[in-house]
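To keep things clear, I will list the structure first and then write my remarks on it.
Per chain, numbering begins at 1; letters A, B, ... match sequence-line order.
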4 protein chains.
Amino acid sequence: MTVPKKKGARNKSEILGATIELLESINYSSLTIEAVAARSSVGKTTIYRWWKHKSDLVFDAFIAKTETLFEFDLTKSTYENFVQQLLTLTSVLKSGIGRAVLTVVAEEKEIAAKFLNDYLTPRRVETKKILQAGVDKGEIQDNFDFGIILDMLYGPIYFKFILFNRIPDQAYIESLVTQVMKGIGLNNPLYLEE
Amino acid sequence: MTVPKKKGARNKSEILGATIELLESINYSSLTIEAVAARSSVGKTTIYRWWKHKSDLVFDAFIAKTETLFEFDLTKSTYENFVQQLLTLTSVLKSGIGRAVLTVVAEEKEIAAKFLNDYLTPRRVETKKILQAGVDKGEIQDNFDFGIILDMLYGPIYFKFILFNRIPDQAYIESLVTQVMKGIGLNNPLYLEE
Amino acid sequence: MTVPKKKGARNKSEILGATIELLESINYSSLTIEAVAARSSVGKTTIYRWWKHKSDLVFDAFIAKTETLFEFDLTKSTYENFVQQLLTLTSVLKSGIGRAVLTVVAEEKEIAAKFLNDYLTPRRVETKKILQAGVDKGEIQDNFDFGIILDMLYGPIYFKFILFNRIPDQAYIESLVTQVMKGIGLNNPLYLEE
Amino acid sequence: MTVPKKKGARNKSEILGATIELLESINYSSLTIEAVAARSSVGKTTIYRWWKHKSDLVFDAFIAKTETLFEFDLTKSTYENFVQQLLTLTSVLKSGIGRAVLTVVAEEKEIAAKFLNDYLTPRRVETKKILQAGVDKGEIQDNFDFGIILDMLYGPIYFKFILFNRIPDQAYIESLVTQVMKGIGLNNPLYLEE
DNA sequence: TCATAATCGAGACGGTACGTCCCGTCTTCCT
DNA sequence: AGGAAGACGGGACGTACCGTCTCGATTATGA
């Protein structure tokens, strides 16, 4: 049973929905507040009441769309978890709102900071647990910088997407994770010798 | 003796210069053609004669600024060459025009394609030579995907810059290159020493 | 003993008061219902309950302010009564609400009609009694159009006020009344000769 | 042969024309700059480039409409000239732009001052010549205040128009002029005949 | 050497969206 | 239950730039 929302909340989610929909067909800078207002049958004032800038609106729309994604399963192997995470990431990036939020983040440092704190860092904390679990299970070494490993995993995905305009496919992701794990895995010949 | 440029060429470089200067203090979307025209003492018409969109102008300004960078030295080690390359990259990103061009690339697929073809791919071809030289010198293995290795090197730099708003420092870069090379290195002295 | 007003009536006069006060410092078109509501500590709804338009509100405020003025004294001479009436008129016009109501009247025919019926005509009826008393006392002739004489007395006052932005002073008023009476007085040489 | 106007001037007169036309069917405060722009097929910017406020635009439109009116003929009698002048005035007031400009003048002191200096005073100077000619021809006395006489002639017209919403007809005007001249006339045939 | 054309700056132009103000209505919550 | 408080859809405001378009003034050449 859906709890009936108040007017305010209902409007808010309609506005975010309209934003997401519009961004499927146009890019961020072509998105106008007036179009969002029209599509969500709302006055411009209502939008400006809650979001000071277009970038805030887009950011919130992104959060609304992605808030339930990116869970992981500690019973699976480190490798499988990473592959799963990166696949989920590509599905997010694929959407119009995904590209839009990256555009904003690339341009506005304030939004970048918000994106980092509200979105990236919490997920990064969780993701480190995958690594830690891997260490605990004896799958991987423990003498490396977690941060750099994560950057080596996530960086290439964003890199391919933004600069190559290419959504990495499963094969790429598997190769990437494999390659990264070569550098930290216990089965790395380099270390097995030690 | 400086070769006297024709009016057209002189104007063109003044416009590109003005664009670069303006982007040091404002961001891409705040950059207006009118401001560029005013700062370079040129009519708007003159700018539109050569560049159809603001994004083209910014892209050309970026190319103008970076065309002489990114050479490398085959006599140095693979490791040193990569560190050098990534350091040069960070110095480019640091500038206003660097961030601006990334903003455009993140948003406009056409510019992203142009950036890829005119800028990234040529450099990538060159960079692969570093890897190949490393293989030839016996520093690294030869059974891996060059593309993924490059993504693991460059991806994290762009990733840190765009999403974390942080220019990686030398220490980070050295750790990164070291970590990547762990995945592809032979038991060469550099790594065996660890 | 002051009769305690009901809530409604108390609110009503506070709203009219706020309207009058605001119009001392701003002009009619800058007056907003929201400002009136704020100043009289009342919800906008309450104002709209009683007045359909801003113009109605201003009109009522004007009536409230002027309802006790403009009495005259039949024991004085015709001349003195007219001078007194015109002086009173100038004091009304001088106030912000005075100018405001004229603005409305100049623009909205409905308000002009209301102003005529509820305000001007009753006073005009009274004023004609001054003229009639003058005739009865033998001060002035009886063969003229009362309407035109009143227009010649009042018209110039409004005319000076609206078009010249000047409040006629006592000297002007005395000259005016004198000049008008020349045309109807028994002491008019033109008629004495008859 | 009509001299071809430049773009600027052509636009300007189209805008003034659109303003006049719109004011025939709506009142001043309902007139929007956007509607004027739309009707004259012009961008809002173009209107704002030349007129800072709506009131300035309306004032200029009024001037444009009336600049050729109000000439008089010294060979005719004082009486005839005045009747003619007042009839012309009523025809101006009758139009939408006439009422609109009075609305503005009633509300905005700056426009009132401009109206006075640019429009009323020049005409008043001319009109005084009618009076002076009357004195010279021996039709009227010379011992009165010209200003008050003019106020007694023009005031009632504006007064009737603004407050009674009534355009004085020829009969009214003739009565008015007759009555005013009674106060200043010599025993000339025109009046002795009565 | 000069007229004749090409080029360019300046900025007016029609237009779109901005972010704000206030309208008049509607909803919520407190007294 | 009534009213203040204020959210709401809406319309116009006045502004900033867009990309196009005249318009002279300035070059710059080739007759």
Side-chain angles (χ1 to χ4, degrees), chain A residues 6-12 14-15 29-38 40-54 57, chain B residues 6-8 10-12 14-15 29-38 40-54 56-57, chain C residues 6-8 10-12 14-15 29-38 40-54 57, chain D residues 6-12 14-15 29-38 40-54 56-57:
Chain A
K6 283 192 205 166
K7 186 80 176 299
R10 188 171 60 250
N11 270 339
K12 237 166 155 164
E14 267 163 27
I15 292 166
S29 69
S30 304
L31 180 73
T32 68
I33 296 289
E34 297 199 336
V36 175
S40 51
S41 302
V42 141
K44 275 200 285 181
T45 327
T46 303
I47 297 180
Y48 282 109
R49 186 173 302 117
W50 285 321
W51 297 279
K52 208 91 186 98
H53 306 289
K54 184 169 73 167
L57 170 62
Chain B
K6 284 193 206 160
K7 186 78 174 299
R10 188 170 64 249
N11 271 343
K12 224 164 162 170
E14 267 163 26
I15 292 166
S29 69
S30 304
L31 180 74
T32 68
I33 296 289
E34 298 197 339
V36 174
S40 51
S41 303
V42 140
K44 276 200 285 182
T45 328
T46 306
I47 296 180
Y48 282 108
R49 180 168 16 262
W50 286 317
W51 298 278
K52 205 93 184 98
H53 305 289
K54 183 170 72 166
D56 296 328
L57 170 61
Chain C
K6 286 190 206 161
K7 186 79 175 298
R10 187 170 64 251
N11 271 342
K12 224 164 163 172
E14 267 163 26
I15 292 166
S29 70
S30 304
L31 180 74
T32 68
I33 296 289
E34 297 196 338
V36 175
S40 50
S41 302
V42 139
K44 277 199 284 181
T45 329
T46 307
I47 296 180
Y48 282 108
R49 180 167 16 260
W50 287 316
W51 297 277
K52 205 90 184 102
H53 305 291
K54 185 170 70 165
L57 170 61
Chain D
K6 284 191 201 166
K7 187 78 176 298
R10 189 170 61 252
N11 269 340
K12 239 168 156 162
E14 267 164 26
I15 292 166
S29 69
S30 304
L31 180 74
T32 67
I33 296 288
E34 297 199 335
V36 174
S40 51
S41 301
V42 141
K44 273 200 285 181
T45 328
T46 303
I47 297 180
Y48 283 108
R49 186 173 302 117
W50 285 322
W51 298 278
K52 211 88 183 94
H53 306 288
K54 186 171 71 167
D56 296 328
L57 170 61

Just compare [options] and give me whichever is closest to any side-chain atom of [X].
| X | options | value |
| --- | --- | --- |
| C:Lys44 | E:dC8, E:dC23, F:dC13 | E:dC23 |
| A:Glu34 | F:dA4, F:dT20, E:dA17 | E:dA17 |
| A:Trp50 | F:dC8, E:dC23, F:dG9 | F:dC8 |
| D:Arg49 | E:dC13, E:dT25, F:dC17 | E:dC13 |

For DNA chain E, whose closest nucleotide is more 5', that of A:His53 or that of B:Val42?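 Whichever sits nearer the 5' end wins; that is B:Val42.
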Which residues satisfy the side-chain contact (heavy atoms from CB on, under 4.5 Å) test with D:Arg49, sequence neighbours excluded?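 Scan of D:Arg49 (side-chain contact (heavy atoms from CB on, under 4.5 Å), adjacent residues dropped) gives D:Thr45, D:Thr46.
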For B:Ser29, give me all partners under side-chain contact (heavy atoms from CB on, under 4.5 Å), at least two apart in sequence or on another chain.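 B:Ser29 satisfies side-chain contact (heavy atoms from CB on, under 4.5 Å) with A:Glu107, B:Asn27 once adjacent residues are dropped.
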Sub-4.5 Å side-chain heavy-atom contact between C:Ile33 and C:Tyr48: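 A side-chain contact exists here, since the closest heavy-atom pair is under 4.5 Å.
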Atom of D:Gly43, atom of D:Ala37 and distance for their closest heavy-atom approach: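 Heavy atoms only, the tightest pair is C-CB, 4.3 Å.
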Quick check: closest heavy atoms across C:Ser40 and C:Ile15, and the distance to 0.1 Å?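 Shortest heavy-atom contact: OG-CG1, 3.7 Å.
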Using atom [atom1] of [X] as one end and atom [atom2] of [N] as the other, report the distance to the nearest whole Å.
| X | N | atom1 | atom2 | result |
| --- | --- | --- | --- | --- |
| A:Lys12 | F:dG9 | NZ | P | 14 Å |
| D:Ile33 | F:dG11 | CD1 | C1' | 15 Å |
| D:Asp56 | F:dC13 | CG | C1' | 16 Å |
| D:Ile47 | E:dA12 | CD1 | C1' | 14 Å |
| B:Trp51 | F:dG19 | CH2 | P | 14 Å |
| C:Lys52 | E:dC23 | NZ | P | 14 Å |

Students often get this wrong, so: under 4.0 angstrom with heavy atoms, is C:Thr45 touching a base, only sugar-phosphate, or nothing?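 C:Thr45: base contact, heavy atoms under 4.0 Å.
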Map D:Leu31 and C:Ser41 onto DNA chain F by nearest heavy atom, then report which one ends up closer to the 5' terminus.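 Residue closer to the 5' terminus by nearest nucleotide: C:Ser41.
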Of B:Ala35 and D:Tyr48, whose nearest nucleotide on DNA chain F comes first from the 5' end?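 First, find each residue's nearest nucleotide; the 5'-ward one identifies D:Tyr48.
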Under 4.0 Å: is that the gap between some side-chain N or O of A:Thr46 and OP1 or OP2 of F:dG9?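 The answer is yes; a side-chain N or O of A:Thr46 sits under 4.0 Å from OP1 or OP2.
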